[in-house]
Structures are given as C-alpha cells and as structure tokens.
Engineer: 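First, the structure itself, so that you have it in front of you.
Each chain gets a letter, A, B and so on, in the order its sequence line appears, and its residues count up from 1. A quick note: this is a predicted structure, and the numbers were derived from the prediction, not measured.
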Number of protein chains: 2
Amino acid sequence: MVESSDDELTTLQRRRRPVVIVNTGDGKGKTTAACGLALRAWAQGWSVGVYQFVKSGKWHAGERAALEALGRLHEQTGEGGPVVWESLGTGRTGLRSQADADPEGLARAGWARVRELLAVQAHDLYVLDEFNHVLRRGWVDPSEVVDVLAARPGTQHVVITGRGAPPELVDAADIVTEMVKVRHVFDTGQRGQAGIEW
Amino acid sequence: MVESSDDELTTLQRRRRPVVIVNTGDGKGKTTAACGLALRAWAQGWSVGVYQFVKSGKWHAGERAALEALGRLHEQTGEGGPVVWESLGTGRTGLRSQADADPEGLARAGWARVRELLAVQAHDLYVLDEFNHVLRRGWVDPSEVVDVLAARPGTQHVVITGRGAPPELVDAADIVTEMVKVRHVFDTGQRGQAGIEW
C-alpha cells in the first residue's frame with residue numbers, strides 16, 4: 001500500500017530519505033551516540049565512515065578499536081558492513097608537528113576529503129566527529145557545509161558531533177539533539193578512566 | 001607518583017572508581033550513547049551486559065546484532081571482552097502473552113536478576129536500557145535501586161537509560177546527561193528508518 005503526504009513521497013521514499021543528525025551541547029554522549037548509530041548502520045550492512053576532526057591521545061580509541069573490529073569481521077565473514085575510521089584533525093599520528101603548526105589547514109583538508117567522499121557516495125553513514133569545533137572556529141564556512149549537504153547525491157546519512165553547532169547547521173539538520181550536562185563526576189574531582197571516558 | 005585529594009584516594013583509585021551514568025531526557029541518543037560506552041568497555045576487555053527492560057519489535061535490533069557480533073569475536077579470538085544482551089521486559093520473544101499480562105512482574109523479575117548479577121560481579125559494565133521507564137511507573141522502588149547500586153561490590157559501572165529518571169537516581173548518579181530534542185524529523189512527518197532509528 002502506498003501512502004502519500006503533502007510532499008507526495010511514498011512511505012518507502014520517506015523511510016529512505018537521507019538525514020543529517022547533529023549531536024551538540026556540553027554534556028556527554030555526543031560521540032558515543034554517533035558510534036551507537038554506527039552500530040545500527042553496520043548491522044544493516046551499510047558502509048560506515050568515521051572522520052575524526054579533533055584527535056587527542058586516547059580519546060575515542062575504544063570506539064575506534066571496536067568499530068574497526070566490526071569492519072574486519074565484515075571483511076572476513078561478510079557480516080554487517082564495512083567500517084573506515086580516519087583521523088583528519090590535529091593530533092594525528094605522524095603529523096603531530098604539522099598539526100600543531102596548522103590545525104586550520106588540516107581541518108580544511110579534512111573537509112575537502114569528506115566533500116569528495118560525499119560526491120562519489122563512498123558511504124551510507126558518515127560520522128563527522130567534532131566537526132562542530134571546526135565550524136565554530138570558522139575554519140570551514142558553515143554555509144558551504146549546509147550547501148554541500150543539501151546537494152549530496154543518493155542516500156547518505158551524516159552525523160555531526162561537537163559543542164556549539166552553528167545556527168545554520170542546526171536549521172538545516174533533520175535531527176538535532178542537545179546533550180545537556182546535569183551532573184558530571186569530573187566536577188567533583190574524579191578523573192577520567194579507561195572504558196568510561198575513552 | 002601518588003597524588004592525593006581531600007578524599008585521600010590515589011589517582012589510580014579515583015580512576016578505578018565505579019560510576020553510575022544516567023542518560024535521560026526526551027531527545028535521541030540515550031540508548032545509542034550507552035551502546036557507544038559498551039564499545040569502549042569491550043575494547044578494554046571488559047565484560048559487558050545489556051539488560052533491556054522495554055523491548056518493542058525491531059528497536060535496538062541493530063545495536064544488539066553489532067554488540068553480540070563483538071561478543072562472538074571475543075569468544076573466537078580473545079579480542080575485546082564478552083558481551084551479553086538480554087531482554088527482560090515486555091515484548092520478549094516467546095513470552096509475549098505473559099509480558100502483555102504482567103509487565104510489572106516481568107520488570108520486577110528483571111531487576112531481581114540484575115541485582116543478583118551485581119552481587120556476584122558478573123560484569124564490568126551494565127547497561128540497564130529503559131530502566132527509567134520501570135522506575136517511573138513505580139514497578140521498582142528507586143530508593144531500593146539507589147541502595148543496591150551504592151552497596152554494589154567491586155568495580156562495576158552501571159548505565160541507566162530512559163526518559164524521566166527519578167530524582168533519587170539523578171541525585172545518586174555520578175554522570176547525568178539530559179538528551180534534549182532540539183529538532184526531530186519525525187515532527188514533520190518523516191517515518192523512522194532502518195539503520196537510523198533501529
């Protein structure tokens with residue numbers, strides 16, 4: 001049965017409509033929720049690409065190890081989908097001195113890379129981790145990002161994380177969630193710990 | 001070097017302090033963020049247990065498939081840690097009629113099971129998915145849960161998800177994040193889709 005609505009799309013078309021998801025706010029869970037979405041995508045057999053715009057030591061190392069393990073499982077058994085995780089930003093291994101010298105240049109090159117991947121429909125789900133940081137700094141123009149996202153071909157879903165999502169992006173996104181810190185143990189002197197914070 | 005603070009714990013002790021994390025609010029990302037934490041835990045070689053208190057058809061099927069795949073990978077190669085995912089609530093396969101008849105009884109039995117697992121230190125990380133729903137309904141007394149969590153032995157981390165976390169739990173938790181809906185495509189008629197919503 002074909003349903004229709006004001007936009008004259010069928011239910012199936014609406015279900016296949018690509019979405020832009022923004023996880024912002026000062027609370028926990030922006031990146032972890034994006035990685036949870038990557039699990040759903042993997043289970044659907046989708047191609048998942050995680051592009052990390054700010055890398056700092058051990059942060060996100062756990063999610064990366066686990067998602068890359070799922071990607072290897074796909075290669076070996078065909079289960080799930082392929083997974084790529086790339087560090088595009090400052091702190092990148094082997095490029096530390098360059099990164100320290102020119103974080104803006106690295107961020108712009110990273111965005112250029114993502115733009116090319118979108119043009120060739122490289123993945124079904126993209127996680128642009130901490131990309132809001134890049135936009136907030138003015139290293140990449142949010143208007144250009146909104147235009148590129150609006151014009152992306154096919155059915156490519158994009159998740160963008162980081163504090164301080166710019167208004168242009170919030171307006172253009174399909175799903176926007178603000179993670180609000182109600183309480184955090186860090187506030188009372190607790191240190192981060194492996195398995196919980198990274 | 002041993003650091004100390006007012007509570008006279010060393011840095012290492014503070015880093016190993018077990019935490020209670022609550023993901024609440026009406027926005028997206030409560031369960032997906034919990035599953036992202038499960039990835040971190042898996043990568044540390046921790047034992048992960050996900051206990052789902054409200055199951056409804058296909059929701060969370062993707063996260064479950066992916067985390068269980070990581071669990072099998074651990075069994076086969078030793079990489080990461082073991083993963084268990086159990087449905088304890090209504091909608092449980094094979095118990096549908098019972099579940100429909102007595103959701104409160106199922107929820108109470110589910111909590112009793114988790115309490116026993118905590119007592120024997122079955123896991124390093126527990127995700128009690130939608131447990132806030134159970135607490136909000138009054139099926140399990142939040143005060144009892146807070147007491148059991150406070151008295152749990154060893155280093156067991158517990159993540160509790162769901163809207164409407166009760167005040168007692170919010171007060172007792174170490175990390176509380178409210179996921180606030182800023183915009184959701186559902187609001188404008190979009191339907192959920194595989195890979196994104198489950």
Engineer: With a 4.5 angstrom heavy-atom cut-off, could you sort out which part of B/Glu178 is near chain A: side chain, backbone, both or neither?
Structural biologist: both
Engineer: Of all of B/Gly29, B/Gly27, B/Gly36, which one pairs up most often with chain A through heavy atoms under 4.5 Å apart?
Structural biologist: B/Gly36
Engineer: Answer with yes or no whether the hydrophobic clustering places B/Ile21 together with B/Val146; edges join I, L, V, M, F, W, Y residues whose side-chain heavy atoms lie under 4.5 Å apart.
Structural biologist: no
Engineer: Side chain, backbone, both or neither: which part of A/Glu79 has an atom under 4.5 Å from a heavy atom of chain B?
Structural biologist: side chain
Engineer: Do B/Asp129 and B/Thr161 get their side chains close enough for a donor-acceptor pair, meaning under 3.5 Å?
Structural biologist: yes
Engineer: Which residue in the set A/Glu63, A/Glu68, A/Gln52 passes side-chain hydrogen bond (donor to acceptor under 3.5 Å, both in side chains) when paired with A/Trp85?
Structural biologist: A/Gln52
Engineer: Heavy-atom pairs under 4.5 Å with chain A: which of B/Ala66, B/Gly45, B/Gly80 has the most?
Structural biologist: B/Ala66
Engineer: Name the region of A/Val170, side chain, backbone, both or neither, that has any atom closer than 4.5 Å to a heavy atom of chain B.
Structural biologist: both
Engineer: Counting only N and O atoms by type, is there a donor-acceptor contact under 3.5 Å from the side chain of A/Thr24 to the main-chain atoms of A/Gly164?
Structural biologist: yes
Engineer: Kindly say whether B/Leu149 contributes a backbone atom to a donor-acceptor pair with the side chain of B/Arg152 at under 3.5 angstrom?
Structural biologist: yes
Engineer: Any idea which of A/Gly25, A/Ala173, A/Ala38 has the most non-hydrogen atom pairs under 4.5 angstrom with chain B?
Structural biologist: A/Ala173
Engineer: Would you sort out whether A/Thr77 and B/Arg72 count as a side-chain contact (heavy atoms from CB on, under 4.5 Å), showing the intermediate values?
Structural biologist: CA-CA 12 Å; A/Thr77 69; B/Arg72 287 196 305 279; over 6 Å; no
Engineer: Where does B/Leu73 contact chain A at under 4.5 Å (heavy atoms): side chain, backbone, both or neither?
Structural biologist: side chain
